[in-house]
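Working notes, beginning with the structure itself.
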Amino acid sequence: MTEISLLEAVNLALGQAMEEDAQVLVLGEDVGIDGGVFRATDGLLARFGEQRVLDTPLAETTIAGMSVGLAAQGMRPVAEIQFMGFIYSCVDQMINHASRLRNRTRGRLSCPMVLRAPFGGGIGAPEHHSESMEALFAHMPGLRVVIPSSPARAYGLLLAAIRDPDPVVFLEPKRIYRAIKEEVADDGKALALDCCYRLREGTDVSLISWGAMVMETLAAAETLEANGVSCEVIDVATLNPLDAETLLASVAKTGRAVIIQEAPRHGGFGAQIAALLAERGLLGLRAPVRQVAGYDTIMPLPRLEKSYMPNTESIIAAVSEVLEFD
Amino acid sequence: MTEISLLEAVNLALGQAMEEDAQVLVLGEDVGIDGGVFRATDGLLARFGEQRVLDTPLAETTIAGMSVGLAAQGMRPVAEIQFMGFIYSCVDQMINHASRLRNRTRGRLSCPMVLRAPFGGGIGAPEHHSESMEALFAHMPGLRVVIPSSPARAYGLLLAAIRDPDPVVFLEPKRIYRAIKEEVADDGKALALDCCYRLREGTDVSLISWGAMVMETLAAAETLEANGVSCEVIDVATLNPLDAETLLASVAKTGRAVIIQEAPRHGGFGAQIAALLAERGLLGLRAPVRQVAGYDTIMPLPRLEKSYMPNTESIIAAVSEVLEFD
Amino acid sequence: MVTVAQFKVSFSRFLDATGAVVAELPPFAQDSELLKDLYRWMLLTREFDTRAVTLQRTGQLGTFPSSLGQEAVSVGLAHAMQPTDVFVPSFREQGAQFVRGVSPTELLLYWGGDERGSDFAGPREDFPVSVPVGSQAAHAVGIALAIKLRRENRAVVCALGDGATSKGDIYEAMNVAGAWQLPLVFIINNNAWAISVPRSAQTAAETLAQKAIAAGFPGEQVDGNDIIAVRHATDCALQQCREGGGPQLIEAITYRLGDHTTADDAARYRQEEEVSSHWQAEPLARLRTHLSSAHGWDRDQEEAVIADCREQIEQAVADYLATPVQDTSAMFDYLYAELPAPLAEQYQALQQRSAQEQDHD
Amino acid sequence: MVTVAQFKVSFSRFLDATGAVVAELPPFAQDSELLKDLYRWMLLTREFDTRAVTLQRTGQLGTFPSSLGQEAVSVGLAHAMQPTDVFVPSFREQGAQFVRGVSPTELLLYWGGDERGSDFAGPREDFPVSVPVGSQAAHAVGIALAIKLRRENRAVVCALGDGATSKGDIYEAMNVAGAWQLPLVFIINNNAWAISVPRSAQTAAETLAQKAIAAGFPGEQVDGNDIIAVRHATDCALQQCREGGGPQLIEAITYRLGDHTTADDAARYRQEEEVSSHWQAEPLARLRTHLSSAHGWDRDQEEAVIADCREQIEQAVADYLATPVQDTSAMFDYLYAELPAPLAEQYQALQQRSAQEQDHD
Ligand SMILES: Cc1ncc(C[n+]2csc(CCOP(=O)(O)OP(=O)(O)O)c2C)c(N)n1
Ligand SMILES: Cc1ncc(C[n+]2csc(CCOP(=O)(O)OP(=O)(O)O)c2C)c(N)n1
Ligand SMILES: [Mg+2]
Ligand SMILES: [Mg+2]
């Protein structure tokens, strides 16, 4: 078993899913011979042929909409949107159709599709290529929103997403596509959806994050540990439906929460978690909840990108603040 | 001065804005001779002519996108989307262009446009006509998101939105389009943006709401008052940027907060307000924050619609709960 | 300057507005029973629409879009389909839905605000009504792609309005259908209006049929008030599709004789004279005249079929009105295949609230 | 069956791939100075692209989309415009942007990751690069509408790629432009590829010019490697627009000789032979041959202009590299006309963080 990156894990899961279920097909722009601009679908065309790996015309609305039609026919489309910045043309199809096909037909038709897209900043990409807008999808009832933050979780969660009988938006933190490698067994084992993952146990403060920020959070936890602060780190992983219990239990234990997201703060998904704590975890809070988040401004172009992104230092600073309360 | 409805106030503000500034124009589907499907633009075509009231082809993406172009040219387009359920085709233009034209050109071009749409349930409308997805826009940096909840605020806020040099998403609670009437002076006076409106003073609990739910909230406050509970009622009105200070001051005073929204709870804008309290108002909270919200499911068709909507009873029940804490 | 591509759009009609035969009829149009069947479906649709509008006016139905005057397009296109084909409608194709096997009760439930109305007992694969104009075309592409990938001998018919042709969604879907040569027939039900916006304001294109040229496949016009023309064009297009000829576009020219919906007042934006002149060309009278002159249709038959349709509709109305409201839990029962654990709490809260509200009643 | 509409698409070229004149030249093409100016702009663009790719390879620029091989389309279209016209580009029209007065330093700043690169000192009304493919067409519609409503004697040119023609946004915008007869020229820079997807896979349409037929206005094809053809077609189209003739579409057929961007490796998906065969038709050599044979262009002039362009580019590179990074507060300074009070806190936090980070450096 060799160590693989998150990107390779995505590729592995796609291959596994296509192998095990002939209804699974991959579609999107440049997913065929090019293997996707990040190579997530590399080799799939050669392995599964043109009937199952479809290069589409440049048409995001139709990519999402035809996936609804394919899924209604019992196929399992896994559509790639090249960057999250181009996913907005899919919003209408996702909210008005994919998320509700089962509901509006009282179960007659359903929509087992996956919409994959890389998201987030930190790689010095061009304009419109670095945003994090997961909160938009997390607010759409009937969808699942899943974000892996390690190769193993990418593999297990993507398999789960593809096998799931309902539509899943699967957002891949491209900043860590190649940043971390770990051993991942290609054993076809899916991970649970609707489940937060506790990556590190701790007693002083709960650090709650998802996507690429999980790496920064783990690094911060490491540093803090060295300074005698015991951090519990939770990867939210599934933003909708959300495993509130794991989060509440952690904060009930530590009494302090810092939520770390890359997206703009205002109305972001971090707010949902803070709200959860304010509603159902308040009595156990020993300090105000803190969010470390992107600024409420447009993601800057690469030259200022670093100054925009939350980082280990800003996490540590936030943790220090919440520790001041007792 | 006669009493007018929220809808008439919208119409009045549009007329006033067009009168005072020749750059203001109204565009959208059926806004011309038909006066808009709700009649918000009634009479404007006759008054201002075809050069300033434009019936567009059925093309929401272009309605938003051409508004960006018009605005960049110094015009002040006020575009109507017939129902919020059809606004999703505008998301790409709003997030990728309207919200950032000024920023991405370092002020060279700007985007003084308004995108109006009726939203929300409660009128037994057909499928896809009753959703409340304000949270999507509230999370887009660079936009303003404004929601009036009375004729007077509709008039003043819409004028402010049109005069504002930046893009505004202006969502109109159609359930109360005709439900309330009040005297509104057509005096051209705009209301402040970035400002929450305190509609009722109180000491026991802060009820925070926006849109059509404000009416339910006021009704609940009335009933509660009769039972000896003093409610402060705040109409959020501007969801982005958000006037945090007014909200924090109110909750600091009352120690209790109930947030009422019609939209699905998960990742809704109510979560942003709860988060604000968890972060910056925690020490003054004497009870957990409570949200009264739509369920995290698809807005049902009319026959079950009533069972979906938060109402006076559910608000009163939530207030009772937070009052149990002391 | 050399010419590198040339295109034309043709128009066809068999019965003119007076019901006279103006072109050699296709074989199916020799079949009296078939023609009477077409007539009956159109009549049923018209009776349904009339009744539905009354129900709405009396507070027993929600907003409803009558298809008055457009019955030939709707019935004709569906009549050409095989049961195994898949229909992807807009929101004003009740005629087609009936022919496909959707029951009047189901459609009343749907427009009455009950999701069960889209759980068709008949055509299980057909899509429900599409309210967001134009959004259905991409679904049709997906279904046609599934059919093509599986090498099945079936096809998809996607209906849309003239207004819908202005949506990018429609063009995008048509273009993909063309690029992949999918078995998919697009039918534009051009009823001259999109709410208050006339066809002429929607586009500078002389015909809507030529929208297909941008997508690289043929488009043609037919008289949409001539059900023989509609059915024949759809027949041919479907056959082309099944033979691997790729997508086809049919623009059927008809007229919306009623308001846009029960929420609309067309008098605000169009002249009564325009409407009455179009009554001269409406499809039922036209086919009836032809049936009378060529197939022995008489008053007795006419009265019998009207009575029959009315009875069927009244029964449907009765069934609709007698259908109890769903349990509120239905709101969650079909959201996901299985209710995710995190939603259990809301589900319980809903049930509790419903119980309380029932107690209060 | 009667024919109700007919269309054709024509193709034009003046210089063939060898540089030979194959059609009667338009008047402007008699003007030596003008042709040399066109040549110089194309050369500048090529030098810029080459240098930009080197900068990227050495870590001094972000991802960059070279326009190698497409210079005639880009330079030709802009050269036909008046300064008061408005250009709405895609993201691969640096040639046009230069002609319009955008400076190489500005474009380096933009592709180097600095928003100031879109604050053009020259063409203040031109739109910046559009990264979301096809989204710019609606802006062009809005600008052209403003121009029309104000009865100004100017027009808009909107550039897009072959891949972009598959986006519904493009069709929607074209359709509105047609419906309203706006002064707007759409130019499709058909470089045969959309990243790895060839033009043939993008659509079944035989030409991209025929996309205009769906929108109800004329479309034509030109040899996009013949700058005389591009400029002439744009000239004529703009004149039509100014005379109220409504929108026009030009499909300029060229070829992307380089990778899609510096992040792409075209060897993964296309044959080297295809690329080299297209080198035979590239636009600079073609015009140079014509200049040599008909306008006395010689080696000295060639060397002088190359040196001149290089110098200009090197100066731009130097200016770019010497431009200090913006203050981090720039992130908020242009978000709204005035910073709303609720954002003051974040603004301060950002400044504090920046101060701290500077201390650490
Ligand atoms: C995307 C979208 N925009 C707007 C509406 C509101 N609306 C409903 S029907 C309609 C007109 C549709 O015209 P057409 O396509 O010609 O169909 P018809 O109503 O004539 O059957 C409009 C604007 C909608 N349902 N969907
Ligand atoms: C809406 C959208 N989808 C996907 C992308 C990613 N992308 C960037 S360029 C490109 C291909 C564009 O092809 P074409 O329009 O032919 O322009 P070219 O790159 O050839 O100049 C793609 C898919 C994007 N930028 N925008
Ligand atoms: Mg119509
Ligand atoms: Mg291209």
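Here is the naming used below: chain letters follow the sequence lines, and residue numbers restart at 1 for every chain.
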Heavy-atom distance under 4.5 Å to chain A: side chain of [X], backbone, both or neither?
X	value
C/Ala179	side chain
C/Phe332	neither
C/Val88	neither

Check: A/Thr56 and C/Val176 side chains under 4.5 Å, non-hydrogen atoms: no

Residue pair C/Trp180 / A/Met66, side-chain heavy-atom distance below 4.5 Å: yes

Which one wins on heavy-atom pair count under 4.5 Å against chain A: [options]?
options	result
C/Val141, C/Leu335, C/Val156	C/Leu335
C/Ala173, C/Pro128, C/Ala146	C/Pro128
C/Ser118, C/Ala137, C/Ala330	C/Ser118

Distance from [X] atom [atom1] to [Y] atom [atom2], nearest 0.5 Å?
X	Y	atom1	atom2	answer
A/Asn96	C/Gln136	CG	CD	12.0 Å
A/Leu193	C/Tyr336	CG	OH	10.5 Å
A/Gln23	C/Arg150	CD	CZ	5.0 Å

Partner chain C: residue of A/Gln73, A/Met75, A/Arg52 with the largest heavy-atom pair count (under 4.5 Å): A/Gln73

Short side-chain donor-acceptor distance under 3.5 Å, A/Gln93 and C/His139: yes

Atom of C/Pro340, atom of A/Arg144 and distance for their closest heavy-atom approach: CG-NH2, 3.8 Å

Non-hydrogen atoms of A/Arg104 and C/Val129 that approach each other most closely: NH2-O, 2.5 Å

Can you tell which part of [X] gets under 4.5 Å to a heavy atom of chain C, answering side chain, backbone, both or neither?
X	value
A/Leu101	side chain
A/Glu50	neither
A/Leu25	side chain
A/Thr105	both

Backbone N/O of C/Tyr334 and side chain of A/Arg106: donor-acceptor pair under 3.5 Å: no

